[in-house]
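For reference, the structure discussed in these notes is given below.
Here the structure is a predicted model, which means the values were calculated and not measured. Atoms considered below: every heavy atom in the structure, side chains included; atoms not considered: hydrogens, waters and symmetry mates.
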Amino acid sequence: FVLSLYPTLAYLHKIDSFTSAIFPRRIFWALTLLCLLVAAASYRVIRDGLGNRYSWLLSLVSFGVSVFFLATNYQQLNYKDLVNLNRPATFPDAIEEYIVPKYKKKNLSELLPPWVIEKANLETNLRFDTFDTQVAHWWNSFFKMPSTRGYSNNPTGANATWFYYLQVGTGQNDPNDDPEIIKNRTLFLIDHYAVGLYGSSGSQVAYDPKLLASPEVMSKEEKGFYEISSEVTSGIVSTTNATPILIVSDDVGYETLLRALSLSGINSQKIITVNGPENINKLSKTDLAEFPALILYRFEGNKWANIRDYIEAGGKVFVEMDPKSPLVGKNLPEFFPVESFSLKEVFGDWIESFSPFIYEGGPWKVSLSEKSALRQDSENLLSKDQRVVVSKKVFGKGEITLSGLNLPFHIVSHEDPDEVKFFGNILTGLESIPSQNKLDSIVERSIPEQVSVEGSGFSGIYFKENFHNGWKANLTT
C-alpha cells in the first residue's frame, strides 16, 4: 500500500509541486529509500500483529491493487506526455528523438561530427571525457566507447578520490597556476583514464584552452569535439615497456606520491606505480625481484636485509622521509648515504627557488644530516646550512636516494614548478632503460569481461580499471 500510494498520487497530479521540487535533486533517492523503509517497517508491524498468514494476504491484496491500477490505466500513460512533464536534463532536451529507435525523428549527425560517431561506435579501448553532464547522461547507453564521468561511471564508489581529482585537475584551474603544471596534470589524467575523445560542447568548464589548441595534444577538432593524439594517451588495456615501481606506503602516502607525480610530466608510458604494502617487513625477495625500482614513503618496519640485497643486486630505491619515519634518531644501515639524521623545524623561505616551508601557519619539519655523517661513495644532492638534505649512494650494482624534505606533500601543497622539476629528476633516475624492441601488439575486447592481447616486444600489460578479484589471467606462448 505504501509503495503504491506515491505513484497513485503522482498519476492523479495531487503532488505535482512536491515532485517538481524533489525529482531534480538527490533527495529523491533518499525519499525512495524512506518509502521502502516505511513499507518494510509497516509489514513487520502487520506481521507481528496479525501473523504471517494475514500479513501475506494483505501484501497480495496490495500487490493486486497496484497491478489492477497499472493494467486499467496503461493506455493512458502516454510516453510523450510523461517526457514533456518531467523531461530529463540532457542535451539536447529531446535526445530520444536522436537515439531511441521507436521515437527517432532526427539524425545524430546533426549533433555530432560523423568521425565522432564512427569512433564512438567502434572504439572500446579508449574513453570519452566531457564536463557536460547532459551529454554524459545518455552517452553510455548509445555508444560502445565508455565515458569517464556521470552518475553511472563509478557505481561502487571505489577510488572515488581519483574521480574527484579528474574533476578538479582537468578543468578548475586557478589563473595563477603555472601553465606547465596545468599541462602536466591534465595530460597525466588524460593518460591515466585512457581518454581518446573529448567533448566541450555545451559545457562552461573545459580543458585548458592552450591544450585544446595544441596540435601535439589534439589531432582533430569539430563542433567542440576533440580527438586526442595517441602520443599523449594509451588504451584502457595497453602493452608497455614502462618501468614498474613498487610503492611502500600507506594510502595517504600513495595518493600524495601520485598527485606529485602527476605534476611532473611523467605518465604511465614512462613509469607505472604499484601500490605495495605499508610495512617493509612484508617485502619478500620474490616481491622485490619483480620491480627494478622501489619508493619508500610514510612506511613502517625495521627489517632491511631484503632491501639491502635488492640494492646490491642492482635495484634502485628512493626513500622520502616524513616526521613520523621509523628511521628518526636511529643509526642507518650501511647502504644508506648518511649515518643518521635528526628532525629540525624550519620556517619560511628556507631553500632558494622552493615555496615557503610552512605547515598550517607553523614550521615545517625536515630530516637533516651533518655533512660529517655523509658516507663514503655518497653524493650530496642538496644541502642547507652545512647540513645534508638530499643525498645519494651507489651500493653494489644499485643505488639509494634519501630525501628529508617530505617533498611529495610539499609539492601537492604548493605546486611549485622548481620543486616539481627536482622531484621529476629523482623519479627519472629510477627509470630502467626501456627495451628498444618496437611494441607489436593487438588488443581485442569483444565483451567487457574478456580481453585478449597478442604480440611481442613488450614487458607488461597495463590495465586501467579498478581492481576486481573476478579477473584471471592466462599466458599462452
Side-chain angles (χ1 to χ4, degrees), residues 95 98-101 108-109 111-133 135-156 158-159 162-163 166 170 187-201 207 217-240 242 267-269 272 439-458 460-476:
I95 187 62
Y98 292 85
I99 66 173
V100 180
L108 195 58
S109 60
L111 297 178
L112 309 176
W115 62 269
V116 171
I117 298 174
E118 181 181 5
K119 188 179 184 71
N121 275 322
L122 297 176
E123 180 63 71
T124 59
N125 201 34
L126 290 169
R127 296 188 178 100
F128 168 66
D129 188 25
T130 181
F131 289 91
D132 190 353
T133 56
V135 174
H137 274 334
W138 58 266
W139 182 274
N140 281 341
S141 65
F142 190 73
F143 290 122
K144 291 182 179 180
M145 174 184 277
S147 68
T148 59
R149 307 182 196 238
Y151 286 112
S152 62
N153 64 349
N154 191 19
T156 66
N159 299 321
W162 288 109
F163 176 61
L166 174 69
T170 55
L187 292 182
F188 177 90
L189 290 167
I190 284 175
D191 174 70
H192 186 81
Y193 278 89
V195 178
L197 184 64
Y198 170 69
S200 64
S201 177
Y207 286 177
V217 178
M218 305 296 174
S219 56
K220 190 183 297 185
E221 186 276 331
E222 188 177 351
K223 292 183 179 180
F225 287 86
Y226 297 80
E227 183 179 53
I228 296 175
S229 170
S230 59
E231 297 297 319
V232 299
T233 191
S234 54
I236 298 171
V237 181
S238 58
T239 55
T240 181
N267 63 14
S268 69
Q269 297 179 45
I272 295 175
L439 291 177
D440 181 18
S441 60
I442 299 174
V443 177
E444 294 183 352
R445 193 174 191 178
S446 56
I447 58 175
E449 297 84 5
Q450 182 175 327
V451 183
S452 173
V453 181
E454 296 182 12
S456 60
F458 55 88
I461 298 172
Y462 191 29
F463 200 179
K464 300 176 184 177
E465 288 189 3
N466 284 333
F467 171 77
H468 190 282
N469 57 13
W471 283 104
K472 299 291 186 294
N474 298 301
L475 177 63
T476 303

Quick check for you: to the nearest 0.5 Å, what is the distance between I228 atom CD1 and S219 atom OG? 8.5 Å
Is there a side-chain contact (heavy atoms from CB on, under 4.5 Å) between I236 and R445 once you walk through the steps? CA-CA 10 Å; I236 298 171; R445 193 174 191 178; 3.9 Å; yes
Is it true that a side-chain atom of T240 and a backbone atom of G460 form a donor plus acceptor pair closer than 3.5 Å? no
Okay, side chain of T170, backbone of L166: is any donor-acceptor separation there less than 3.5 Å? yes
Quick one: are L197 and W115 in side-chain contact, heavy atoms under 4.5 Å? yes
Output all residues satisfying ring-ring contact (aromatic ring centres under 6.0 Å, His included) with F143, sequence neighbours left out; order by chain, then residue number. W139
Y98 versus W138: any side-chain heavy-atom pair under 4.5 Å? no
Looking at R127 and M145, would you say the former's side chain and the latter's main chain have a donor-acceptor pair under 3.5 Å? no
Those residues that, when tested against E454, pass side-chain contact (heavy atoms from CB on, under 4.5 Å) (two or more places apart): S452
What one should report as the nearest heavy-atom pair of K223 and S109 is NZ-O, 3.4 Å
Do the side chains of V237 and I461 get nearer than 4.5 Å, heavy atoms only? yes
Can you name the salt bridge (Lys or Arg N to Asp or Glu O under 4.0 Å) partners of E227, sequence neighbours left out? K119
May I ask you to decide if H192's main-chain N or O and N267's side chain share a donor-acceptor pair within less than 3.5 Å? no
Can you name the residues that form a side chain to side chain donor-acceptor pair (under 3.5 Å) with T239, not counting sequence neighbours? S441
Residues passing the side chain to side chain donor-acceptor pair (under 3.5 Å) test with Y226, sequence neighbours excluded, are none
Quick one: salt bridge (Lys or Arg N to Asp or Glu O under 4.0 Å) partners of E221, sequence neighbours excluded? none
Shortest non-hydrogen contact from F225 to G199? CD2-CA, 3.8 Å
To the closest 0.5 Å, what do you measure between CG (L189) and OG1 (T233)? 11.0 Å
Could I get the full list of side-chain contact (heavy atoms from CB on, under 4.5 Å) partners for S230, not counting sequence neighbours? none
Which residues share a salt bridge (Lys or Arg N to Asp or Glu O under 4.0 Å) with K464, sequence neighbours left out: D191
Donor-acceptor pair, S200 side chain versus G224 backbone, under 3.5 Å? yes
If you measure from the Lys or Arg side-chain nitrogens to the Asp or Glu carboxylate oxygens, is any gap between K144 and E118 under 4.0 Å? no
Would you check if the side chain of S229 reaches a backbone N or O of V217 as a donor-acceptor pair within less than 3.5 Å? no
Kindly write out the residues that satisfy ring-ring contact (aromatic ring centres under 6.0 Å, His included) with F463, not counting sequence neighbours, or none if the list is empty. W471
Check: N140 and F128 side chains under 4.5 Å, non-hydrogen atoms: no
For A242 against S268, the heavy-atom pair lying closest together: CB-O, 3.4 Å
When rounded to the nearest 0.5 angstrom, what is the spacing between CD in E444 and CG in N125? 11.0 Å
Nearest heavy-atom pair of G235 and S238: which atoms, and what distance? O-OG, 3.8 Å
Partners of S446 by side-chain contact (heavy atoms from CB on, under 4.5 Å), sequence neighbours excluded? none
Taking only residues two or more places apart in sequence, or in another chain, which ones meet I447 in a side-chain contact (heavy atoms from CB on, under 4.5 Å)? E449, Q450
Would a distance-only check, ignoring hydrogens and angles, find a side-chain to backbone donor-acceptor pair under 3.5 Å from Y198 to Y207? yes
